[in-house]
Trainee: 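After the structure tokens below, expect a handful of questions from me.
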Amino acid sequence: MKDLLQSRRSLFIIGFLLLLAVNLLVLAGVAANRRAPAESQVVLTERELKWLNHSHSENSGMTLKLNWRVFVDNETAGLYSTWTSPEWFGMEKLKELGFSFPVDLHKNGVRKRKRPHKKEAVIVLEKNSSCFRKSVDIRKKAVKKVQQQLELEPENQELRNRLERLETQLRQEQISGSRLFAVDAGLNPDKLRQQYPDRHRYLLVRGVVGYRYDFATMAGGKSEPRGYVSRLNNGVIHVSLPYRKRLDTLIAEKKNGESPRYRIELTYGQRLEPWITGVYSVEE
Amino acid sequence: MLPKTKTQAQRRVDQIDSFRRELKQLEDDGVVALEDDQLGSIDRYHSALLKKLTEQFDVDATHRARQLSLGMKITSFLGAIALGASLFFLFYRFWGDFSTVTQVAVLITAPLLGLLAAWVAVWRDRSGYFAKLFASVSLTCFVLDLSMLGQIFNISPSENVFVVWALFAFLLAYAIDSRLLLAAGIICLTGYLSARMGTWSGCYWIDFGEWPENFFPAVGLLFLLSFFRHDHFAGFRATYRVFALLLFFIPALILANWGEGSYLPFSSDFIEGFYQLLGFFASAGVIWLGIRKQWIDMVNTGNVFFTIFLYTKFYDWWWDWLPKYLFFLLIALVAILMLLVFKRLRTCVVEEKT
């Protein structure tokens, strides 16, 4: 009995040490991430960092969601087509990321799921990307095309509705569409940083990529796999108390319209984990 | 020889109680009549033993005490869950109003205080219920601690957090003899091993559940742990065994109906057939081993999964083409047949014991 009590005491002491050691390790990791110099630092607006409203729940914390996109060469695509495969994410990129594709994936026209099709990777997000200008141009062309059609068929109500929809999408794109686009992915952050050296324009973030089969390219019973960015590991960012108070003021000053109400300075550290280092009004 | 654990002590008390009642019955039936000094000697020995066992292990000496203990166990379990949930939501409700330093201080201090309370309770309360309550709260606070630190500092999620939680849960389970905390530790350890297996197989760790075979390595480890001696920890070996079996049979059942979730390089039909056969033979093997080793937990688990595999197969074969009344009649007849088989198995277990 005495031995049992003594061994219990040992277990409790080990438990205490475990709690302290793990917490110290976590905080040491945070310090290591925030050690200078920062990996990247950008200023994003409300378009790219959306405030998540928790007022309906019991969560008093404030978080911002990173709004990112991929470029889609399609006038009817929604504003945030994150599930679509971008042009740069073909077979070559998938092989570079280490995905393998077993033969005879198709048998009697049925696709077989034989290998895990998602993995962790480093995603390159570009701020004020040329993809945004291309996206706006596509929508402008779509609006112009329908306007020309409407001149020939002024009574066509379907065309009018379509024009209204496209004009709304164009306005949303220009005013509130995120300027942050995923433009590349890789496994080695150092190598990616060499390719994209501008630390105030390109963010390297950890995320999950995957592939699926694009039925649009299907021919003869086989289809080419296309990659897509599934999610970002740190897609939701916590706002600490001092910045939260400033942000609360900026959000309260204007109603939630289409134009952004604030700008956030976001810094990424050595472990590609982000934190907020500044909150400003749009005018500052 | 005095018992080493509370469970052994309780068994001894129940044995004494049964002996006393059986002896009275035998005397009433005129089968035996002990001398007064013999009865007195036995009674004095039992009274002294009961007193010692009650002082040392806080056992239930009477039926009423046993009923109250059961109530205390249930209350302690529900109290631990409610207190844990309350702490979770309390922190969520107010954390946004704290500075980062305060948040971190609260998160780190909470599990330490819970652990301290559990430690004090172990020494002050022999029943063990308060120690289990505080230990459960400490584990909940530790889970909250690492989860919230991850949110506050936007730390990338990692499967390593499971192994830390598992280690803490195991420490607590062995410190206060709690099967609930052992189960929590097993679940966390399984999560870690499966996530690792998933990563080695090339998938993102969070998606480990999409490939049921990721759970199989944990089966071997848990079964191995059940072979270690656990003299002072009642029910621990059975807990390891049952979880090992669950982690084998549930994935096997899933793959028996969904071959696409397997890593095996064969067609889905072949994989489903393979796991169906494996499920049947494995459950039968588990029942046989359980009878041989007198591990009733294995016999029961094997029975349950044998039945599930069987009924799943019946559904596949007959649901579409048999009239519904005939389908359920067949199920009922099979159930009756299985009752006869289980009765026979039960007789075997009893015979093996005697």
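Here is how names work: the chains are called A, B, and so on, in the same order as the sequence lines, proteins then strands, and each is numbered from 1.
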Trainee: Check the pair A:Arg9, B:Trp119 against side chain to side chain contact (heavy atoms under 4.5 Å, CB included), reporting the backbone distance first and the verdict last.
Mentor: CA-CA 8 Å; A:Arg9 182 162 49 187; B:Trp119 193 357; 3.4 Å; yes

Trainee: Hey, does B:Phe168 have a side-chain heavy atom less than 4.5 Å from the side chain of A:Val22?
Mentor: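 The answer is no, as the side chains (C-beta and beyond) never meet within the 4.5 Å cut-off.
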
Trainee: If we define contacts as heavy-atom pairs under 4.5 Å, which of B:Phe91, B:Phe94, B:Phe142 has the most with chain A?
Mentor: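 Looking at each of B:Phe91, B:Phe94, B:Phe142 in turn, B:Phe142 comes out on top.
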
Trainee: May I ask you to decide if the ring planes of B:Trp95 and A:His238 are parallel, tilted or perpendicular, using 30° and 60° as cut-offs?
Mentor: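 Aromatic pair B:Trp95/A:His238 classed parallel.
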
Trainee: I'd like to check the ring-ring contact (aromatic ring centres under 6.0 Å, His included) partners of A:Tyr196; sequence neighbours left out, ordered by chain and number.
Mentor: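 A:Tyr202.
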
Trainee: Where is the tightest heavy-atom contact between B:Tyr204 and A:Asn233, given as atom of each residue plus distance?
Mentor: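 B:Tyr204 and A:Asn233 have their closest heavy atoms at OH-OD1, 3.1 Å.
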
Trainee: Quick one: pull up CD in A:Glu120 and OG in B:Ser158 and give me the separation to the nearest 0.5 Å.
Mentor: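 Reported to 0.5 Å precision, the distance equals 9.0 Å.
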
Trainee: Near B:Phe130 CZ, under 6.0 Å, is it more than 12 heavy atoms from other residues, nucleotides or ligands?
Mentor: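 For B:Phe130, atom CZ is not crowded (no more than 12 foreign heavy atoms under 6.0 Å).
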
Trainee: Here's a test for you: under side chain to side chain contact (heavy atoms under 4.5 Å, CB included), which of A:Asn33, A:Leu27, A:Asn234 qualifies with B:Phe153?
Mentor: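 Answer to the side chain to side chain contact (heavy atoms under 4.5 Å, CB included) test with B:Phe153 among A:Asn33, A:Leu27, A:Asn234: A:Leu27.
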
Trainee: Heavy-atom distance under 4.5 Å to chain A: side chain of B:Leu167, backbone, both or neither?
Mentor: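 Contact with chain A is through both the backbone and side chain of B:Leu167.
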
Trainee: With only heavy atoms counted, which part of B:Phe98 is less than 4.5 Å from chain A, the side chain, the backbone, both or neither?
Mentor: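 Contact with chain A: backbone only.
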
Trainee: So, taking the atom named CG in A:Leu19 and the one named CG in B:Asp145, what distance separates them when rounded to the nearest 0.5 Å?
Mentor: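 The CG atom of B:Asp145 is 7.5 Å from CG of A:Leu19, to the nearest 0.5 Å.
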
Trainee: Answer with side chain, backbone, both or neither: which region of B:Pro157 has an atom nearer than 4.5 Å to a non-hydrogen atom of chain A?
Mentor: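 It is the side chain, since no backbone atom gets that close.
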
Trainee: A:Asn23 vs B:Val104, test: side chain to side chain contact (heavy atoms under 4.5 Å, CB included). Steps then yes/no.
Mentor: CA-CA 9 Å; A:Asn23 279 292; B:Val104 171; over 6 Å; no

Trainee: Quick one: are A:Leu241 and B:Thr102 in side-chain contact, heavy atoms under 4.5 Å?
Mentor: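 When only atoms from C-beta onward are counted, B:Thr102 and A:Leu241 do not touch, as no gap falls below 4.5 Å.
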
Trainee: Where do A:Ser60 and B:Gly96 come nearest, in terms of heavy atoms and distance?
Mentor: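 Between these two residues, the closest heavy atoms are OG-N, 2.9 Å.
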
Trainee: Examine whether an atom of B:Leu116 lies under 4.5 Å from a heavy atom of chain A, and if so say whether it belongs to the side chain, the backbone or both; otherwise answer neither.
Mentor: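 It is both, since atoms from each part get that close.
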
Trainee: A:Ile13 versus chain B, heavy atoms under 4.5 Å apart: side chain, backbone, both or neither?
Mentor: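 Just the side chain, heavy atoms under 4.5 Å.
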
Trainee: Does B:Phe89 CZ have over 12 foreign heavy atoms under 6.0 Å away?
Mentor: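 Atom CZ in B:Phe89 is not crowded, with 12 or fewer foreign heavy atoms closer than 6.0 Å.
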
Trainee: Rounded to the nearest 0.5 Å, how far apart are CD1 of A:Ile237 and CD of B:Gln151?
Mentor: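 A:Ile237 CD1 to B:Gln151 CD: 12.5 Å, rounded to 0.5 Å.
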
Trainee: Quick check for you: among B:Asn154, B:Leu112, B:Thr199, which has the greatest number of heavy-atom pairs under 4.5 Å with chain A?
Mentor: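 Of the candidates given, the most pairs with chain A belong to B:Asn154.
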
Trainee: Could you tell me if the side chain of A:Phe12 sits less than 4.5 Å from the side chain of B:Val122, heavy atoms only?
Mentor: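 Yes; the side chains approach each other to less than 4.5 Å.
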
Trainee: May I ask you to check whether over 12 heavy atoms, not counting those of B:Arg179, lie within 6.0 Å of atom CZ?
Mentor: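 Incorrect, the count does not exceed 12.
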
Trainee: Give the member of B:Ile155, B:Val164, B:Asp177 that has the highest number of heavy-atom pairs under 4.5 Å with chain A.
Mentor: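 If we count pairs closer than 4.5 Å to chain A, B:Ile155 comes out on top.
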
Trainee: Check each atom of B:Ala135 against the heavy atoms of chain A and say whether the ones under 4.5 Å are side chain, backbone, both or neither.
Mentor: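 Contact with chain A involves no heavy atom of B:Ala135 at all.
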
Trainee: So which atom in A:Arg231 and which in B:Asp207 form the shortest heavy-atom distance, rounded to 0.1 Å?
Mentor: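 Shortest heavy-atom contact: NH2-OD1, 4.1 Å.
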
Trainee: Can you tell me how far apart OH (B:Tyr92) and CG (A:Asn59) are? Round to the nearest 0.5 Å.
Mentor: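 Between B:Tyr92 OH and A:Asn59 CG, I get 6.0 Å after rounding to 0.5 Å.
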
Trainee: At a 4.5 Å cut-off on heavy atoms, which part of A:Val209 comes close to chain B: side chain, backbone, both, or neither?
Mentor: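 Neither part; nothing is under 4.5 Å.
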
Trainee: What is the minimum heavy-atom distance between A:Arg206 and B:Ser156, and which atoms define it?
Mentor: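 In terms of heavy atoms, the two residues are closest at CD-OG, 4.1 Å.
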
